[in-house]
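Right, one structure below, let's go through it.
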Amino acid sequence: MRFTGEPSCIQPYCCSSYQAYQLNKKKAPSPPNLSSLITLGVVVTVLVTTVSVLILVDQFTRGYARSEVETRLKQLAWQMQDALERGMAEREIDIRLLVSRPSIRQAQDPAHIRAVLEELQRNVPHYAWIGMARPDGTVLAATKGLLEGMSVAERPWFQQGQQTEYAADYHPAVLLEKKLPPQSDPWRFVDLSMPVLNMQGQMIGVMGMHLSWGWAREIASKLLNPTSSRYDVDVLIVRSDGTVILGPKDMEETKIDTASFRAAQHSSAGGSLIETWPDDRRYVTGYARTGQGGEMKLKWTVIVRQPETVALEAFRDLERRVIVVGALAGAVLVLLAFMLTRRLVAPINALSAALEQRAAGLQEVKIPLVTSVRELQLLSSALGTMVEREERYLREMRSLNESLEERVVERTSRLHETATALQQALDQQQTNQIQLEESAAELRAILENAQDAFIAADEHGHIVEWNRQAELLLGWPRDTVMGRSMAELIIPSDMRAAHNHGMAQFLKDGTSVVINNRIELQALHRDGHELPVEITVGHVKRQSGHLFIAFLHDITERLAFRDQMRELALTDVLTSLPNRRAFSDRLPEGMMRARRAHQLLALFFMDLDGFKGINDRYGHEAGDELLVEFARRLQASVRDVDTVARLAGDEFVVILENLQSQQDAIMVAEKILHAIREPFELTHSTVHISSSIGVAVYQPDLDGEIGPEELLSMADKAMYAAKRLGKNRIELGRVGDF
């Protein structure tokens, strides 16, 4: 293109454009005033913002108030559940201690037995009746002589109590209704029973206790009645069949089937919800269930409810105040916004008036220089220099027209040179592309024949490469996984959150504990099982993002061998019990758990009386066989959660946890002695042997400074004391004996 001549038409074109603008201005309707639009927009924005904030505050406070009420009622339900379970645990301890007393186990003097039972009744007034029945069901002795000589053989507590410890659910009184003092509420009992064994371990009767239901009412009164009277809270205890056994008078001994009751049947941790009850009122309800931990045999549902209107009354009052205060604040903000906006747009109005006058032909009118706002100052000064700048632009156009042809020739030459260079670059790029494809084919062949699984993923976690070894290791074909999320396919669900967090952290600041390190973790197979792998993850920074590459190696056999070696190091070869090394690890752990739970821990130290003589008489093979049988009887005499270990030779130790008293430890030790007294049937002989047991009881609240070595020394010295006193016995160690 070529330009010749002078650009003399520019000035006439500007004049004609200005005249056309004036003509169109006269014909076109006037647009809205900018200052009015700004004022209206600011006021509307302030109003919308204020209303939105009020709505958000209302929604937040509503949800927070409901959450607080549900949490409070759920905590009240937990407290009631805990009180019931602790109360039943104390009653079970009472009956265990009662049947272990020598005066009860001898069962020779009914009057003396009655005195023992009445002493317990005075200490625990909620025992409406305590009695001991002979094996034929005849009551031998009872508190205040009630039912003595009568038969209770048909009562469930007697029939079940002959076999084991028994707890009966809430039920009306049958035999005792007319014999007990009258009261405002009918007599209702929870029964406890347990067999009574003599010193030889034979069953000589059944001990029964009738716990008055007033016990549960008293717990509810102490824990919840102050809350009930003030906040209209109802507390219900519901049996497994839905019968209300404690609650409002009009609901007791009726059945319910509410959402909270059904939810409690399937929840071990309790919870809360809002529901409508049969009286058509909505309640905020907290619920919990007893007997979930296995310590309480009876399973009751505790329900604490409060009318929703009462529970949220404080929120309603707060909501009204927030609305009033928000409305006042909104009105003040609207007024301030209106005044401030009018003040800000005043200079714009002055500048607009001057422009309209100049457009009308009044060239003597000067454009005012606004100094209050920087933007308006720039605009007014720019309009004042517009004419001078237009002349300068005309001079520049003339100069450009003269040099334009020269520039076109120069640019054409440069374009030819650029086209030549571009063709050469394209040829080189094609060569590089062929080499790149060959390298990619070689790399794929290497990866396909690698002994480890190879996986590549982009920065979003989507799989972009998957070799044959990955198919064999993880079970997913390559064409199925391409483009899918690596976390969903091979990372176990409990590790995905940590994986996503680590990826986000690496993409953010480049730090990671996994990248460029070799680690061991669990991978997820296609069929759902987890397998241990050793993984090495690398990272490649690309122009379009990131590429993560990982090599996975199955280490199942390596871990199995490692676990086998660790198990052999901690196990006694002869008895398969934990050895001294394992015992040294478990005793400190048990003492730490006892300190956290504020419960007792007992340590038994024992050996076989006369074991050397059996070795000398029958040989070491018989001695080893005796030790194996002794270890088996020890394990059978304690709980699965207790620890039985062999230290050396015929020395054994037992760790008992979760004890309530020293008597519990003594009872287990007596059980062990009784098991050891039975003859041992060996391959070539039958031997009788006994054991001396030293017992050390760790009381964390009293003996917190005692360590594992001191506790073991205490039990050891107690065992030697038992040997000095005649063997075949139990001795309790004292704190000063280590």
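In what follows, residues are counted from 1 in the order of the sequence shown.
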Quick one, Val638 and Val668 - any side-chain contact, counting heavy atoms below 4.5 Å? yes
Quick check against the 3.5 Å criterion: does Ser240 have a side-chain atom that pairs as donor or acceptor with the backbone of Lys299? yes
Applying side chain to side chain contact (heavy atoms under 4.5 Å, CB included), run through Leu634 and Leu577 and close with a yes or a no. CA-CA 10 Å; Leu634 267 184; Leu577 293 177; 5.7 Å; no
Applying side chain to side chain contact (heavy atoms under 4.5 Å, CB included), can you list everything that pairs with Gln663, at least two apart in sequence or on another chain? Leu97, Ser661, Ile666, Met667
Partner set under side chain to side chain contact (heavy atoms under 4.5 Å, CB included) for Ala456, not counting sequence neighbours: Phe454, Val464, Glu465, Leu547, Ile549
Could you tell me if His529 and Asp527 have a donor-acceptor pair between their side chains, going purely by distance under 3.5 Å? yes
Quick one: do Arg632 and Glu629 make a salt bridge, cutoff under 4.0 Å? yes
Partner residues of Gln660 under the side chain to side chain contact (heavy atoms under 4.5 Å, CB included) criterion, sequence neighbours left out: Ile93, Gln599, Asp664
Output yes when Glu92 and Arg96 qualify as a salt bridge under the 4.0 Å nitrogen-oxygen rule, no when they do not. yes
Check side chain to side chain donor-acceptor pair (under 3.5 Å) between Arg593 and all other residues, then give those that pass, not counting sequence neighbours. Glu657
Within residues 639-653 or reaching into it, pairs that qualify as side-chain hydrogen bond (donor to acceptor under 3.5 Å, both in side chains) - sequence neighbours excluded: Asp572-Arg646, Arg639-Asp642
Any residue meeting side chain to side chain donor-acceptor pair (under 3.5 Å) with Glu681, in chain and number order, not counting sequence neighbours: Thr686
What's the separation between atom CD in Glu85 and atom CD in Gln81, rounded to the nearest 0.5 Å? 4.5 Å
Give a yes-or-no answer on whether the side chains of Asp701 and His598 include a donor-acceptor pair shorter than 3.5 Å. yes
Interatomic distance, CZ@Arg239 vs CD1@Ile245, rounded to 0.5 Å, equals 6.5 Å
Considering residues at least two apart in sequence or located in another chain, which fulfil the ring-ring contact (aromatic ring centres under 6.0 Å, His included) criterion with Phe583? none
Residues passing the ring-ring contact (aromatic ring centres under 6.0 Å, His included) test with His462, sequence neighbours excluded, are none
Among residues at least two apart in sequence or on other chains, which ones pass side chain to side chain donor-acceptor pair (under 3.5 Å) with Glu308? Arg282
Restricting to salt bridge (charged side-chain N to carboxylate O under 4.0 Å, His left out), what partner residues turn up for Arg86, sequence neighbours left out? Asp82
Between Tyr287 and Phe261 (judged by ring centroids, cut-off 6.0 Å), do the two rings come close enough to count as a pair? no
The criterion is ring-ring contact (aromatic ring centres under 6.0 Å, His included); which residues satisfy it with Phe506, sequence neighbours excluded? His539, Phe548
Tell me if the CD atom of Glu488 is crowded by more than 12 foreign heavy atoms within 6.0 Å. no
Within the structure provided, determine whether Ile237 and Ile303 are in side-chain contact (heavy-atom separation under 4.5 Å). no
Holding to side chain to side chain contact (heavy atoms under 4.5 Å, CB included), I want the full list of residues that pass it with Thr536, two or more places apart in sequence or in another chain. Arg518
